Structure formats: structure tokens, C-alpha cells
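For reference, the structure is listed below as C-alpha cells.
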Amino acid sequence: DDMNLANPPANAALLDYLAESFINHGYDIQWLHRAIANSRTYQLTWRPNETNALDTRNFSHASVRRLPAEVAYDAILHATATTDQMAALDNDPSSRAIADPRAPGKGAKGGKGNSQYALRVFGQPQRQTTCDCERSNEPTLAQSLYLMNDQELFVTMDRKDGWLAQLNRQKEKPESHELVHEMYLRTLNRQPSDQELERAEAHIADAKDVMTGCRDLVWALLNTKEFIVNH
């Protein structure tokens, strides 16, 4: 992502191969993504072993990193959006925070809000220099506090065009196991394990009402490490 003479590639031969193959496949982005995602290196586990625990340069295992600021904020919006708004975010890139780096905050709440504070909390650079080192991907206490109890996060979760509001408008709510599955797919992009499903259903059953239980679970899933890091 920073192709200049001062930043040589870690594997020049591989980069040349991908570039040539990308051209030969008619500049097909889907082919490029598929080739990378299906590679053995890309699919390596993040769990290191005794031989590569200290390796950070040779791609011997996956490096766990916090999502970049724009990706993290878009993920929060996406996870809490209605079905229609999720489709709009997918079909109209200009509505995402990551879409226009010149105008941070443009993507918040469908383009009507201002996400500058959240993006700054998650390390978006001020763009005062041309060096990418200005960006910070390090976890901080401010990020944890934002996800745990910032009013902006609660407004995002409870917004009128959000999933919780959509669910609240439904006269007949889905079964609790269906709700739990949808929440896991929205936030962690996977199905819950049997133990997670049992605990989540128990929490919904013990909550004051279904909406309170669902809101608690959405908040809890947004606060997991699995949500905020690449994995």
C-alpha cells in the first residue's frame, strides 16, 4: 500500500507474479482476491509456535491487528443497520466512512452524521504529513471506553434506521435462537457455538424483555476482541 523506493516489498518476486497475473486475467479484482485468499500463507493460523513466536516479517503466521479506523467504524454501522441500510452501504460506497479519506465522517449514519470523533479515537491520521506512520493501529483505553460506554455508540445502536429499531417495530419477534444467530452473523460473521447459543438464549430469557436482551447482546458482541481485530 506504499509503493516507493524507500519501502521495498518483503517479497518482490511474489509481488511481480501477482502483478503479471492480474494483468493476464484482465485486471480482474475478484481473481486477485481469490488467489490471495486461497493461498496457504493467507490461511495460516494466528497462533504462533515455538519456532515463529517472534517472527513479524516472514509471514510464518497471521499477525493479529486491530481493524483500521475507517473499517472499524464502518463495521459498527454495518452490524447495527437495518437490512435495507446494509444493502445501501454495500451498493453505495460513498456512504461509508472509508469511502472518502478527504472527508472523514462523511459515511456516518448514512452520510448525515459526523464520525470524526470515532475515527480519531481509532487512529485515523490528521493527514498533516505524507507518511503513513501518522496512522495508529495500536489498541488504546479510549477505544475500549468508546465501545463500552460512549454515548455516540449507543446512539448508533438505537438509531431509527438501525436493526434494533427495526426489530422493535415487528409485532412478532423471531425465536430467540434465530435472533442470536443473526446477531453473531452481523457482528462476528459466524454462527455461535452451542455454548454461546445457550448462554445468549438464557440471557434473553432472563432480560426484562426481548429488546433489552438483544440490545445487551449486540453491545457485548461489539465489545469482543473478535469483532475489533482481523482474524
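Note that the structure is predicted; figures quoted are calculated from it, not measured. Residue numbers run from 1 in the order of the sequence given.
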Taking the side chain as C-beta and beyond, is there a heavy-atom pair between Y27 and L32 under 4.5 Å? no

Interatomic distance, NE2@H61 vs CG@N49, rounded to 0.5 Å, equals 8.5 Å

When the aromatic ring centroids of Y146 and F122 are compared, is their separation below 6.0 Å? yes

Under a 3.5 Å distance rule, please check whether N38 uses its side chain to pair with a backbone N or O of R34 as donor and acceptor. yes

Kindly say whether R65 contributes a backbone atom to a donor-acceptor pair with the side chain of N230 at under 3.5 angstrom? yes

Give the C-alpha distance, both sets of side-chain angles, the deciding distance and a yes or no for side chain to side chain contact (heavy atoms under 4.5 Å, CB included) between M86 and R186. CA-CA 10 Å; M86 287 179 72; R186 283 174 164 273; 3.4 Å; yes

Do F227 and L221 touch side chain to side chain, with heavy atoms closer than 4.5 Å? no

Check step by step if side chain to side chain contact (heavy atoms under 4.5 Å, CB included) holds for M157 and L222. CA-CA 10 Å; M157 290 173 54; L222 292 177; 4.3 Å; yes

Separation of E226 CD from N189 CG (nearest 0.5 Å): 9.5 Å

Flag yes if more than 12 heavy atoms outside R199 fall under 6.0 Å of its CZ atom; otherwise flag no. no

Which pair of non-hydrogen atoms, one from S60 and one from N52, has the smallest distance, and what is that distance? OG-CB, 3.1 Å

Does CD in Q30 sit with more than 12 non-hydrogen atoms of other residues, nucleotides or ligands closer than 6.0 Å? no

Check: E201 side chain, V180 main-chain N or O, donor-acceptor pair, under 3.5 Å: no

Closest approach of I36 and Y42, non-hydrogen atoms and distance? O-CB, 3.0 Å

Establish whether V210 and Y184 are linked, either directly or via other cluster members, by ILVMFWY side-chain heavy-atom contacts under 4.5 Å. yes

Given side-chain hydrogen bond (donor to acceptor under 3.5 Å, both in side chains), test D209 with T212 step by step and report yes or no. CA-CA 5 Å; D209 51 51; T212 300; 2.9 Å; yes

Do Q124 side-chain atoms and E70 backbone N/O form a donor-acceptor pair below 3.5 Å? no

Main-chain N/O of W219 paired with D216 side-chain donor or acceptor, under 3.5 Å: no

Is it the case that one hydrophobic cluster holds both L185 and L167, taking links as side-chain heavy atoms less than 4.5 Å apart, direct or via other members? no

Let me check something: do Y17 and F59 share a hydrophobic cluster, defined by ILVMFWY side-chain heavy atoms less than 4.5 Å apart, either directly or through other members? no

Test log, rule side-chain hydrogen bond (donor to acceptor under 3.5 Å, both in side chains), inputs T82 and D161: CA-CA 6 Å; T82 62; D161 57 352; over 6 Å; no

Just by distance, do the side chain of N11 and the backbone of L14 share a donor-acceptor pair under 3.5 Å? yes

Does atom CG of L54 have more than 12 heavy-atom neighbours, drawn from other residues, nucleotides or ligands, at distances under 6.0 Å? no

Yes or no on side-chain hydrogen bond (donor to acceptor under 3.5 Å, both in side chains) for W163 and E182, after CA distance, side-chain angles and deciding distance? CA-CA 10 Å; W163 178 70; E182 178 161 2; 3.1 Å; yes

Residue pair L147 / N223: nearest heavy atoms and the distance that separates them: O-ND2, 2.9 Å

Main chain of E196, side chain of D194: is a donor-acceptor contact present, judged purely on distance under 3.5 Å? no

Over 12 foreign heavy atoms within 6.0 Å of CD, Q191: yes

If hydrophobic clusters are built by linking Ile, Leu, Val, Met, Phe, Trp and Tyr wherever their side-chain heavy atoms come under 4.5 Å apart, do Y117 and L141 end up in the same one? no

To the nearest 0.5 Å, how far apart are CZ in R120 and OH in Y73? 13.0 Å

According to a hydrophobic-cluster definition based on side-chain heavy atoms being under 4.5 Å apart (Ile, Leu, Val, Met, Phe, Trp, Tyr only), do L153 and M148 belong together? yes

I'd like to know whether T224 forms a side chain to side chain contact (heavy atoms under 4.5 Å, CB included) with T187, so could you lay out the CA-CA distance, the side-chain angles of the two residues, the decisive distance to 0.1 Å, and finally the verdict. CA-CA 9 Å; T224 60; T187 54; over 6 Å; no

Closest approach of P174 to L179 (non-hydrogen atoms, all atoms of both residues): O-CD1, 3.7 Å

Backbone N or O of E175 within a donor-acceptor pair of the E178 side chain at under 3.5 Å? yes

Rounded to the nearest 0.5 Å, what separates atom CE in M211 from atom NZ in K173? 6.5 Å

With distance as the sole criterion, is a donor-acceptor pair present between the side chains of T80 and R159 under 3.5 Å? yes

Pairwise distance NE2(H203) to OG(S176) - rounded to 0.5 angstrom: 12.0 Å

Check for a donor-acceptor pair, side chain of T156 on one end and backbone N or O of E152 on the other, with a separation under 3.5 Å. yes

Looking only at heavy atoms, what is the nearest atom pair of M183 and C214, with distance? SD-O, 3.6 Å

So which atom in Q143 and which in R66 form the shortest heavy-atom distance, rounded to 0.1 Å? NE2-NH1, 3.0 Å

Between CG on residue L67 and CG on residue D74, distance to nearest 0.5 Å: 10.5 Å

Can you check whether S21's main-chain N or O pairs, donor with acceptor, with H25's side chain at less than 3.5 Å? yes

